[in-house]
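Atom set for the values below is all heavy atoms of this structure, side chains included, hydrogens, waters and symmetry mates excluded. Remember, it's 1-based here, ligands and their atoms both numbered in the order they're listed.
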Amino acid sequence: TDDRTGTGLALFPPGFRWGVATAAYQIEGAAAEDGRTPSIWDTFARTPGRVHLGQTGDIACDHYHRYADDVALMRDLGIDTYRFSVSWPRIRPDGTGPVNPLGLDFYDRLTDTLLAAGIAPMVTLYHWDLPQCLEDRGGWTVRETAHHFAEYAGAVYDRLGDRVRTWTTLNEPWCSAFLGYATGDQAPGRTEPDAAFRAAHHLLLGHGLAARALRAAGAREISITVNLTPVSPRDPQDRHDVAAAGLVDGLHNRIFLDPILNGRYPADMLEHMARFTTLEHIADGDEELIGAPIDLLGVNYYAPTLVAAKVGTPSSDRFPGTEGVEHLDPGLPVTAMGWPVEADGLRRLLVRLARDYPATPLMITENGAAYHDSAEDGRVADAERVDYLRTHLLAAHRAIGEGADLRGYLAWSLMDNFEWAYGYEKRFGLVRVDYDTQRRIPKDSALWYSGVIGRNGI
Ligand code: PNW
């Protein structure tokens, strides 16, 4: 599997899973239908100045009503795995109380439609849409939220567990904790370092409690998705730069990976967190619970990170305690997000995971790029996205050859959608969405990806 065949094809292992991913608030719309209540993203989007042009997910891609067509489109592209998220406020409109059967009905219909199309559903239970009523009670900064999450997870499993094999607890707890509670770039938009570390822990605890509930209920494949970035020092010979890279690696990657996969926070991160919080929120037994074995680690990769120690006066920090760190422009081509493109970063990341957390099956649960595409005569010639996907898939293929136990690849995203604080301006889709007509147009990248899936290789 690890090298090119005589036909010039980089073949992936037999059974490699190929798919696409989305998230509820980014595509569904129908924000007030069938008993759904507001999530923190509805509130955030309605707060002036938070989201580009004040856009919201009220309608988005109208997937709530068009899911059958969207599934048919995936089937036509040959997609075999579809990762979607379930909206907590649809399932438990008051966060904790009675289950709303109409909310579950939607995911039930979606699941059956996927299975009928030969597509394996992969459920993410939390992709950032916390019920607003729970944020009003402290959100992820309080321990109760983790317990409410596990109860909600159990309710979804009760309805879909007989048909859905793969269960992902959280999507990108780093974003929820640090962008949500430290930088304020994402909902709920708070900027309190102490809250961010408590949120990170309660998210991890929510993962542990939900995983335990899912396991007890019979779930066979339990996972969590983290967004990771390989962090490099500007000068690998300079111990200050190396220390800066170690800190950022800790805050971005190890603070989640170590508790989940080793059952304990890294010592340097405990020390770092103690600068901002008492650590009293970390109860005896929490780390053990968080570290219970999982079956698959979901990895979202977009871009590498380059840092140096800041020379001169330390200045303000976006991430708690990084006032001594300078984030550098690596001088690589960038996407429409301004994110640097380096496919080899994905290879390094996967190989590092295989080395530091051995025996962990991996799946790329998001990878992709926003570009300024345009539609002409019903065609979107997104050559840059094809290039992004091709180079990253080849990097993943190389990582497999170097020992990474990679089981599948999911492109972000099936279609253009509500790109959080950037609204509809940034387009990550393999399929273009015309937001005036809701027409879908598969971009060149979708057709190219379909060919890759058909050949199981590049
Ligand atoms: C991920 N960062 O978000 C999310 O899982 C998706 O919902 C989102 O649409 C996609 O990536 C593209 O943004 C991220 O600042 C947001 O490092 C921000 C970062 C990483 C991932």
Side-chain angles (χ1 to χ4, degrees), residues 19-28 39-41 44-45 50-52 55 57 60-61 63 83-87 122-130 168-187 189 196 200 203 223-231 248-249 251-253 255-256 298-307 318-319 322 327 330 334-342 345-346 349 363-371 385 388-389 392 410-431 433:
V20 290
T22 63
Y25 190 68
Q26 296 184 272
I27 64 165
E28 286 178 358
S39 76
I40 54 175
W41 268 97
F44 192 73
R50 294 302 205 167
V51 173
H52 177 70
Q55 292 169 335
C61 306
H63 174 75
R83 171 181 183 249
F84 62 93
S85 80
V86 172
S87 161
M122 191 170 160
V123 165
T124 297
L125 289 160
Y126 186 72
H127 200 126
W128 306 356
D129 42 2
L130 184 73
T168 303
T169 55
L170 307 176
N171 176 70
E172 303 190 346
W174 180 87
C175 292
S176 298
F178 292 105
L179 303 183
Y181 293 86
T183 71
D185 292 327
Q186 296 191 348
L203 282 153
S223 72
I224 180 170
T225 279
V226 287
N227 58 306
L228 303 175
T229 178
V231 184
V248 173
D249 178 54
L251 280 173
H252 207 113
N253 304 319
I255 198 171
F256 296 105
V299 176
N300 293 354
Y301 172 77
Y302 290 94
T305 300
L306 182 66
V307 300
R318 269 170 56 76
F319 301 104
T322 59
H327 282 259
V334 295
T335 68
M337 298 294 285
W339 296 351
V341 177
E342 193 199 15
L346 177 58
L349 177 64
M363 175 131 158
I364 296 168
T365 42
E366 286 181 28
N367 174 241
Y371 284 109
R385 185 173 291 102
Y388 184 99
L389 297 174
H392 284 75
L410 310 180
W412 184 267
S413 177
L414 166 63
M415 56 189 160
D416 295 338
N417 58 50
F418 177 77
E419 178 49 34
W420 307 112
Y422 299 87
Y424 297 96
E425 175 79 12
K426 303 292 186 231
R427 294 175 176 270
F428 273 90
L430 300 186
V431 173
V433 175

Quiz item: Which residue holds the protein heavy atom closest to atom 2 (N) of ligand 1, what is that atom called, and what is the gap in Å?
Solution: Trp174 CZ3, 3.9 Å
Practice problem: Look at the rings of Tyr388 and Tyr371 and say which category their plane angle falls in: under 30° parallel, 30 to 60° tilted, over 60° perpendicular. | Solution: perpendicular
Quiz item: Which of the atoms of ligand 1 are close to Trp420, meaning less than 4.0 Å from one of its heavy atoms?
Solution: 6 (C), 7 (O), 8 (C), 9 (O)
Practice problem: State the atoms of ligand 1, each with its element, that fall below the 4.0 Å cut-off from a heavy-atom position in Phe428. | Solution: 12 (C), 13 (O)
Quiz item: Heavy atoms only: which of Leu228, Asn367, Leu179 is nearest to atom 18 (C) of ligand 1?
Solution: Leu179
Quiz item: So which heavy atom in the protein is nearest atom 20 (C) of ligand 1, and how far is it from that ligand atom?
Solution: Asn227 ND2, 3.8 Å
Quiz item: Purely on distance, is any nitrogen or oxygen of Glu366 under 3.5 Å from one on ligand 1?
Solution: yes
Exercise. Before signing off on this row, confirm whether Asn417 and ligand 1 have an N or O atom pair separated by under 3.5 Å.
Key: no
Quiz item: Any idea how His327 and Phe319 line up, ring-wise: parallel (<30°), tilted (30 to 60°), or perpendicular (>60°)?
Solution: tilted
Quiz item: When Thr365 is tested against each of Thr124, Thr225, Asn227 for side chain to side chain donor-acceptor pair (under 3.5 Å), which residue passes?
Solution: Thr225
Quiz item: Mind checking whether Phe178 and Phe256 have parallel, tilted or perpendicular rings, split at 30° and 60°?
Solution: perpendicular
Exercise. Would you give the length of the straight line joining atom CG of Asp416 to atom NZ of Lys426, rounded to the nearest 0.5 angstrom?
Key: 12.5 Å
Quiz item: ligand 1 and Trp412, any nitrogen or oxygen pair closer than 3.5 angstrom?
Solution: yes
Self-check item: For atom 10 (C) of ligand 1, closest protein heavy-atom neighbour
Solution: Tyr302 OH, 3.3 Å
Quiz item: Once the angle between the rings of Phe418 and Tyr25 is folded into 0 to 90°, is it parallel (under 30°), tilted (30 to 60°) or perpendicular (over 60°)?
Solution: perpendicular
Quiz prompt | Numbered atoms and elements of ligand 1 in range of Asn171, under 4.0 angstrom, heavy atoms | solution = 5 (O)
Self-check item: Under-4.0 Å heavy-atom contact with ligand 1, by part of Tyr422 that carries it
Solution: neither
Quiz item: So, Arg50 side chain and Gly189 main chain: donor-acceptor pair closer than 3.5 Å or not?
Solution: yes
Quiz item: Among all protein non-hydrogen atoms, which one is nearest to atom 14 (C) of ligand 1, and what is the separation to 0.1 Å?
Solution: Glu172 OE1, 3.4 Å
Self-check item: Ligand-residue contact atoms, ligand 1 with His127, heavy atoms, under 4.0 Å
Solution: 4 (C), 5 (O), 6 (C), 7 (O)
Quiz item: In Å, rounded to the nearest 0.5 Å, how long is the span from OH of Tyr126 to CG of Asn171?
Solution: 10.0 Å
Quiz item: Do His392 and Tyr301 have their ring centres less than 6.0 Å from each other?
Solution: yes
Quiz item: For atom 13 (O) of ligand 1, what is the nearest protein heavy atom, given as residue, atom name and distance?
Solution: Glu419 OE2, 2.6 Å
